[in-house]
Amino acid sequence: MPELPEVEVTRQSFAERIRGARVTAVRVGKPLRWPLGRPPESLVGRTVGDVVRRGKYLWIELDRGGLLVHLGMSGSLAFGSGCGAPGPHDHFDLVTARGTLRLTDPRRFGAVVWSPSLDAGAAAKLLAGLGLEPFDPRFDGAHLHAALRRRRVAVKTALLGGDIVVGAGNIYACEALFEAGIDPRTRSDRISRPRAERLAAAVRTTLARAVELGGSTLRNYRDASGAAGRFQLQARVYGRAGQPCVRCDGTVRRIVQGARATFFCPGCQRR
DNA sequence: AAGTGGACCTGCTAGC
DNA sequence: TGCTAGCAGGTCCACT
């Protein structure tokens, strides 16, 4: 589920509320994608600081070290005082004096990993190799063009890779390519500079718009206050195979690229 | 080295 | 109604 917008909206929905809270207990459920790791001292008694996002990861800073959280495909966080007994898909609770932060993740592709800092240990290892943030001023048409020129994979696959720019997953990669009018099958190294400019802009505006709309809720995504996203209601191509294109008189098509579904309009997205 | 395909795990839906 | 195959928002790893 969670691409950059869902992770960012989740962050915004609890960062202010949890800041300054003292950890009173930690509960770990079923194993997740990566082991939690063992902090040198218990997390109990530490104070929560800022919550920051890097790509699709959240870093929950504690007064010493912190927790790196990933929501995988089906994860969501909830923060509040009304959390009852953990259900079968609730795999991590950070209990604080102000409420419990709970990770729910049916498929368990998500993770909570302890790290001494964002720039060292487990976190640094997981974040190594991530591309630029889409809202970083350094991510522009020139940067995207230069990076794409070094690849021969389809441009959609290159966007999903996350080593050029982070945050666009399957939904938003499809949507951004539609906005830019680029066929997702186009080889990366055939994307001209002007088209790279358009694509970089489309990635930024698509992700920004999704954040404004609270992300996409396809199945079970909720922010940490329980609110669903609304972007999926305005998706132009994602999940719309067989339906009319919103821009031309063509029909949205579904193909498979790298074992992932791709949605696009052959009429207005060109190679 | 870059590109490709499989693995991880569970739940839901469409189709028979 | 009940079963099954197929599909799902991500990422790592092994292999070519």
Side-chain angles (χ1 to χ4, degrees), chain A residues 1-11 29-35 53-58 68-77 87-92 103-113 122-131 134 147-177 184-190 203 206-207 210-211 213-223 228-235 237-242 254-263:
Chain A
M1 131 239 354
E3 305 182 31
L4 180 147
E6 291 74 31
V7 176
E8 175 59 20
V9 169
T10 295
R11 188 192 71 76
K30 286 190 193 170
L32 294 165
R33 193 180 209 304
W34 300 296
R53 182 190 55 72
R54 173 76 175 102
K56 298 169 190 168
Y57 291 87
L58 286 182
L68 193 69
V69 178
H70 196 285
L71 301 178
M73 288 279 265
S74 58
S76 58
L77 288 173
H89 301 311
D90 297 332
H91 308 302
F92 183 85
L103 174 70
T104 303
D105 184 6
R107 292 178 72 182
R108 289 193 282 133
F109 288 165
V112 179
V113 176
K125 197 171 172 184
L126 288 168
L127 301 180
L130 289 191
L148 289 176
R149 265 197 328 203
R150 288 179 229 121
R151 306 289 182 81
R152 256 154 297 191
V153 288
V155 61
K156 193 247 189 172
T157 305
L159 279 184
L160 277 185
D163 47 352
I164 298 175
V165 58
V166 294
N170 210 29
I171 297 178
Y172 302 113
C174 290
E175 294 297 315
L177 284 162
R185 298 167 294 185
T186 311
R187 266 176 52 159
S188 298
D189 58 353
R190 304 265 171 82
V203 166
T206 301
L207 293 174
V211 171
L213 289 170
S216 296
T217 296
L218 264 40
R219 289 188 151 80
N220 41 25
Y221 168 73
R222 291 288 186 283
D223 72 17
R230 302 180 307 283
F231 182 92
Q232 74 282 359
L233 303 173
Q234 343 210 322
V237 286
Y238 187 86
R240 296 192 64 246
R254 178 189 188 276
I255 60 172
V256 173
Q257 291 181 289
R260 314 291 308 272
T262 294
F263 298 87

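Lettering follows sequence order; numbering is per chain, from 1. Computed from a prediction, not measured in an experiment: that's the story for all the values here.
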- Message: On the nucleotide dT11(C), are OP1 or OP2 found under 4.0 Å from the side-chain N or O atoms that His70(A) carries?
- Response: yes
- Closest to the Arg151(A) side chain, choosing from dG3(B), dC12(C), dG9(C): dG3(B)
- Between His89(A) and dC9(B), is there a side-chain N or O to OP1/OP2 distance below 4.0 Å? no
- Has Arg260(A) got a side-chain N or O lying under 4.0 Å from the OP1 or OP2 atom of dG9(C)? yes
- Task: Side chain of Arg152(A) only, please: which of dG11(B), dG10(C), dG3(B) is the nearest?
- Result: dG3(B)
- Is Phe109(A) stacked on the base of dG10(C), with ring centres under 5.5 Å apart and planes under 30° apart? yes
- Query: Phosphate oxygens OP1/OP2 of dG9(C): is one of them under 4.0 Å from a side-chain N or O of Lys56(A)?
  - Reply: no
- Between Arg108(A) and dT10(B), does any side-chain N or O lie under 4.0 Å from OP1 or OP2? yes
- Item | Of Ala259(A) and Arg150(A), the one whose closest DNA chain B nucleotide lies more 5' | Arg150(A)
- Task: If dG5(B) has a Watson-Crick or G-U wobble mate with both distances under 3.5 Å, name it; if not, just say none.
- Result: dC13(C)
- Check ion pair Arg33(A)-Asp105(A) (N to O, under 4.0 angstrom): no
- Message: Both Leu126(A) and Arg107(A) contact DNA chain C. Which one's nearest nucleotide lies toward the 5' end?
- Response: Arg107(A)
